[in-house]
Novice: 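Shown below is the structure under consideration.
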Amino acid sequence: MHRKKISTKLRSVLLAVTVTGLAGALVTNVALAQSPMDTTAASSPRSKASPLQKSLDALVGQEKFPAALAHVNKNGRSTSLVAGSSRLGRQVPVPRDGQVRAGSNTKTFTAIVVLQLVAEGRVRLDEPVETYLPGLVRGDGIDGRRITVRQLLQHTSGLPNYTEHIGLEEFGKIQHKFFHPHDLLEAALAHPAKFPPGAKWEYSNTNYLLAGLLIERVTERPVQEEITRRVIKKAGLRHTYWPQPGDRTLRAPHPRGYALSSAENGKVIDATTMDPSWGGAAGQLISTPSDLAKFARVLLDGKLLPPRQLAEMRKTVDAPLLPGWRYGLGVVSIPLSCGGVYWGHGGDIDGYETRGGATDDGRSVGVAVTALPGTFGDAEKAALAVMSATDTAFCA
């Protein structure tokens with residue numbers, strides 16, 4: 001999920017560079033595992049700190065994120081590291097593996113449920129959206145009879161992005177506003193198609209808004225219930241949940257998140273408490289770095305999808321201006337500076353940014369910071385620094 005003002009700049013970074021050459025000196029191990037909800041800040045002398053700890057410290061010291069968190073599983077060992085403070089302007093310990101808003105990581109959860117329905121014979125990937133949501137997807141150059149389910153999950157539908165048209169650039173005004181999914185869809189369909197279905201790739205949250213509505217129509221149950229039953233519980237994620245209508249809080253220990261009240265005035269506000277309904281099936285989940293790492297690991301290990309549907313998920317297309325980066329069905333294949341790729345998604349929502357995923361050889365990573373890049377400085381530089389820290393987590 002992205003705010004429109006920062007999104008334009010961020011996307012040019014995230015979709016135009018590779019992680020080749022990012023910081024990440026090789027070491028054998030990072031550190032011993034810590035208790036998931038230990039609220040003690042990392043205590044190792046910084047001169048002896050691991051490369052990952054130094055990367056997190058740099059995110060706070062150089063990029064001015066209030067806090068940074070990371071969880072790494074590698075070679076049968078795990079660690080949770082933190083840097084910074086849970087409160088802006090005060091030194092408050094950051095909870096190791098604290099809860100954060102997971103943003104667009106939600107898309108992978110949504111895609112899994114759709115693919116499970118495909119495995120059950122209830123949905124077909126190359127069937128028109130019209131089959132499942134008759135008469136709903138219509139607009140200027142927009143026709144649900146010409147857009148397939150696969151194109152929704154792969155961002156090749158050409159649908160306009162509703163998050164560019166609901167006032168997120170004035171976050172302070174909509175922070176506590178409730179949005180109904182059909183209001184979000186109406187905001188998107190009031191604008192013309194970006195391109196004909198299948199013509200190219202372009203990220204649009206509207207695709208996953210519709211995927212969520214499709215799940216509800218096919219299962220006759222709320223999308224949050226299906227995601228919880230079919231993915232969260234099946235994967236054994238203890239600290240991941242879909243906030244219910246009206247729930248604007250984070251339940252477990254968490255660092256506070258911060259955002260710009262307006263893209264124009266530069267005022268920073270506490271965004272921890274907010275109504276996340278505008279995220280929906282595209283970005284509403286709350287999780288922790290360790291749960292996000294575990295989720296990616298369980299997915300690649302074939303515990304959430306049958307082999308055929310997991311293979312479909314990993315069929316990718318080029319994402320524009322992103323050498324080496326490819327988008328599948330709700331997952332992204334991302335190059336590593338130490339060779340190979342990892343599979344994940346990442347998420348951006350006011351207050352938090354998350355990155356990470358898993359590799360086929362057993363590594364899994366979750367990284368979070370407590371503001372969007374651009375909140376406290378240069379968006380491009382800060383975004384690259386978060387990507388570098390994620391690469392270090394995999395490669396160090």
Novice: Inspect the contact between R363 and D361 and indicate whether a charged nitrogen and a carboxylate oxygen are less than 4.0 angstrom apart.
Specialist: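 The answer is yes: the pair qualifies as a salt bridge.
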Novice: Side chains of N205 and T163: any donor to acceptor distance under 3.5 Å?
Specialist: yes
Novice: Taking ring pair (Phe, Tyr, Trp, His ring centres under 6.0 Å) as the definition, give me every residue that meets it alongside F394, ordered by chain and number, with sequence neighbours left out.
Specialist: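 Only Y342 meet the ring pair (Phe, Tyr, Trp, His ring centres under 6.0 Å) criterion with F394.
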Novice: Any side-chain heavy atom of V94 within less than 4.5 Å of one from T370?
Specialist: no
Novice: For the hydrophobic clusters of this structure (ILVMFWY residues joined by side-chain heavy atoms under 4.5 Å, transitively), does one cluster hold both V60 and V367?
Specialist: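 No, it is not one cluster - the side chains of V60 and V367 are not joined through contacts under 4.5 Å.
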Novice: If we ignore angles and hydrogens, is there a donor and acceptor under 3.5 Å between the side chains of T354 and N105?
Specialist: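 Judged by distance alone, the side chains do pair up.
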Novice: Considering only heavy atoms from C-beta outward, does the side chain of L250 approach that of Y352 to under 4.5 Å?
Specialist: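 With C-beta onward as the side chain, the pair touches.
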Novice: In Å and rounded to the nearest 0.5 Å, what is the CD to CZ distance from Q175 to R248?
Specialist: 9.0 Å
Novice: Assign the ring pair H180 / F178 to parallel, tilted or perpendicular, where the plane angle (0 to 90°) is split at 30° and 60°.
Specialist: perpendicular
Novice: Looking at side-chain heavy atoms only, is the closest gap between T206 and L185 below 4.5 Å?
Specialist: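 Result yes, sub-4.5 Å side-chain heavy-atom pair found.
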Novice: With distance as the sole criterion, is a donor-acceptor pair present between the side chains of Q151 and T156 under 3.5 Å?
Specialist: no
Novice: Please round to the nearest 0.5 Å and tell me the distance separating atom OG1 of T108 and atom CG of L285.
Specialist: 10.0 Å
Novice: May I ask you to test the T316-W343 pair for a side-chain heavy-atom distance under 4.5 Å?
Specialist: yes
Novice: For a 4.5 angstrom cut-off between non-hydrogen side-chain atoms, does R96 reach L69?
Specialist: no
Novice: Salt bridge or not between D360 and R314? Use side-chain N to carboxylate O under 4.0 Å.
Specialist: yes
Novice: Going by atom types only, do R297 and S364 share a side-chain donor-acceptor pair under 3.5 Å?
Specialist: no
Novice: Regarding D291 and H239, is there a side-chain donor-to-acceptor distance under 3.5 Å anywhere?
Specialist: no
Novice: Is there a side-chain contact between M313 and L304 (heavy atoms, below 4.5 Å)?
Specialist: no
Novice: Using 30° and 60° as the class boundaries, would you call the ring planes of W201 and Y327 parallel, tilted or perpendicular?
Specialist: tilted
Novice: Is any side-chain heavy atom of V386 closer than 4.5 Å to a side-chain heavy atom of F65?
Specialist: yes
Novice: Are D275 and K177 close enough for a salt bridge, meaning some N to O gap below 4.0 Å?
Specialist: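 A salt bridge is absent here (no side-chain N lies under 4.0 Å from a carboxylate O).
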Novice: Look at the rings of Y258 and F376 and say which category their plane angle falls in: under 30° parallel, 30 to 60° tilted, over 60° perpendicular.
Specialist: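 If you compare the ring of Y258 with that of F376, the planes turn out perpendicular.
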